[in-house]
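Each chain gets a letter, A, B and so on, in the order its sequence line appears, and its residues count up from 1.
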Number of protein chains: 2
Amino acid sequence: MAFFRGRFLHSLDAKGRVAIPQRFRESLGGEEAELRLVMTVDPEGCLVVYPEAVWRELEQKWEALPQMNDELKTYLRFMVGWASDGALDRQGRILVPPPLREYAGLEHEVWFVGVLQNFEIWNGERLEKATGTDRVRSVTQKLSGLF
Amino acid sequence: MAFFRGRFLHSLDAKGRVAIPQRFRESLGGEEAELRLVMTVDPEGCLVVYPEAVWRELEQKWEALPQMNDELKTYLRFMVGWASDGALDRQGRILVPPPLREYAGLEHEVWFVGVLQNFEIWNGERLEKATGTDRVRSVTQKLSGLF
DNA sequence: CCACCTTCCCCCACTTTTCCCCACTAATCA
DNA sequence: TGATTAGTGGGGAAAAGTGGGGGAAGGTGG
């Protein structure tokens, strides 16, 4: 299973390409393996990127759900509706489609953040707000019962 | 299991490398063993360094939790998002990636502090504030029921 | 059906970072 | 006082990230 850790500052070029951090590329599988991935959005305001295999598991879970209620429909419209799949180019870069770029407020500088099974791509200011120490402290308090 | 104790003053060189105190290196396992470790940050403003095995246990705990939970996501963005794994070089040093260096306010002089299962790397002034006797006194009072 | 335009992806060239290896100094211990 | 071991610093090769030119592919409108 792939594991993504750490944060990396990269830059989106004028053509909308970003290099995936080498550490992440290694986690994506063998060198010649199909480096396919699926990206979508998170309500927090960032992009979320999954190795194709991980994404497929999510899809299977959704399909296996007993009934399709309104909440699930809303959720799928969001997660699946925004999803875009692609592959790395020969230089290890991906192309971020304009709608996703806009959703996540990505300009020139973007942060890659590993969160175990997948990773995220953030606008710097948003990331700072989302992971500021105040917020983390309060969250840690709430979680402290769990581990 | 490894045990880290004590504090040591070392210096970060211009390339961002620091030597791990020899005492700590011994605790990391056999000489030829894989001297791999994972470092991340603490809201208190320092770096936290784990032997790889200890870190993995933490990750396994996190993975067992429900992944849709927003609080957990925030927490992972912080802990895992800052994490950086690496190995000691031939001289027993590690490279501290620039984002971590900046987060912890590390300049030339840094303090290593052992805290049992892992150790921390501090900016001197911050360490002084965090472990000032006033603060420790009040904390000790609150804990006094526990042991 | 054909010209045009955009999008995407390949290649190449440049810069920066990382990580080897080696050499110097300081401290420790016979 | 020599010998060993820790910590420090720097040179240089290799790798990673960045940016741009140009051709192929695919969509659009006449």
> Does the pair B:Glu26 and B:Arg23 meet the rule for a side-chain contact (heavy atoms from CB on, under 4.5 Å), with working shown?
Replying inline: CA-CA 5 Å; B:Glu26 287 159 11; B:Arg23 287 287 179 83; 4.2 Å; yes
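The distance from atom CG of A:Leu100 to atom P of C:dC8 is 12 Å, rounded to the nearest whole Å. Taking atom CD of A:Glu26 as the reference point, atom C1' of D:dA16 lies 11 Å away to the nearest angstrom. What separates CG of B:Leu88 from P of D:dG7 is a distance of 12 Å, to the nearest Å. Rounded to whole angstrom, the span from the CG atom of B:Leu95 across to the P atom of C:dC19 amounts to 6 Å. Spacing between atom CD1 of B:Ile94 and atom P of D:dG7 amounts to 13 Å, rounded to whole angstrom units. For B:Arg90 and D:dG7, the CZ to P distance is 17 Å, given to the nearest whole Å.
Residue whose closest nucleotide on DNA chain C sits further toward the 5' end, between A:Pro98 and B:Arg101: A:Pro98.
No contact: B:Asp89 has no heavy atom under 4.0 Å from any strand.
Note on ring orientation: taking the six-membered ring where Trp is involved, the planes of B:Phe112 and B:Phe24 are perpendicular (angle over 60°, cut-offs 30° and 60°). Under the 30°/60° scheme for interplanar angles, the aromatic rings of B:Trp55 and B:Tyr50 are found to be tilted.
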Taking distance alone, no hydrogens or angles, what donor-acceptor pairs closer than 3.5 Å link side-chain atoms of residues 9-16 of chain B to residues at least two apart or in another chain?
residue	atom	partner	partner atom	Å
B:His10	ND1	B:Ala19	O	2.6
B:Asp13	OD1	B:Lys15	N	2.8
B:Asp13	OD1	B:Gly16	N	3.1
B:Asp13	OD1	B:Arg17	N	3.1
B:Asp13	OD2	B:Arg17	NE	2.7
B:Asp13	OD2	B:Arg17	NH2	2.9

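Within a 6.0 Å radius of CD in A:Glu109, other residues, nucleotides and ligands contribute 12 heavy atoms or fewer.
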> What string of B, S and - do you get for nucleotides 17-23 of chain D, 5' to 3', if B is base contact, S is sugar-phosphate-only contact and - is no contact with any protein heavy atom under 4.0 Å?
Replying inline: SSBBBB-
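Hydrophobic clustering, with ILVMFWY side chains joined whenever heavy atoms are under 4.5 angstrom apart, keeps B:Trp111 apart from B:Leu106.
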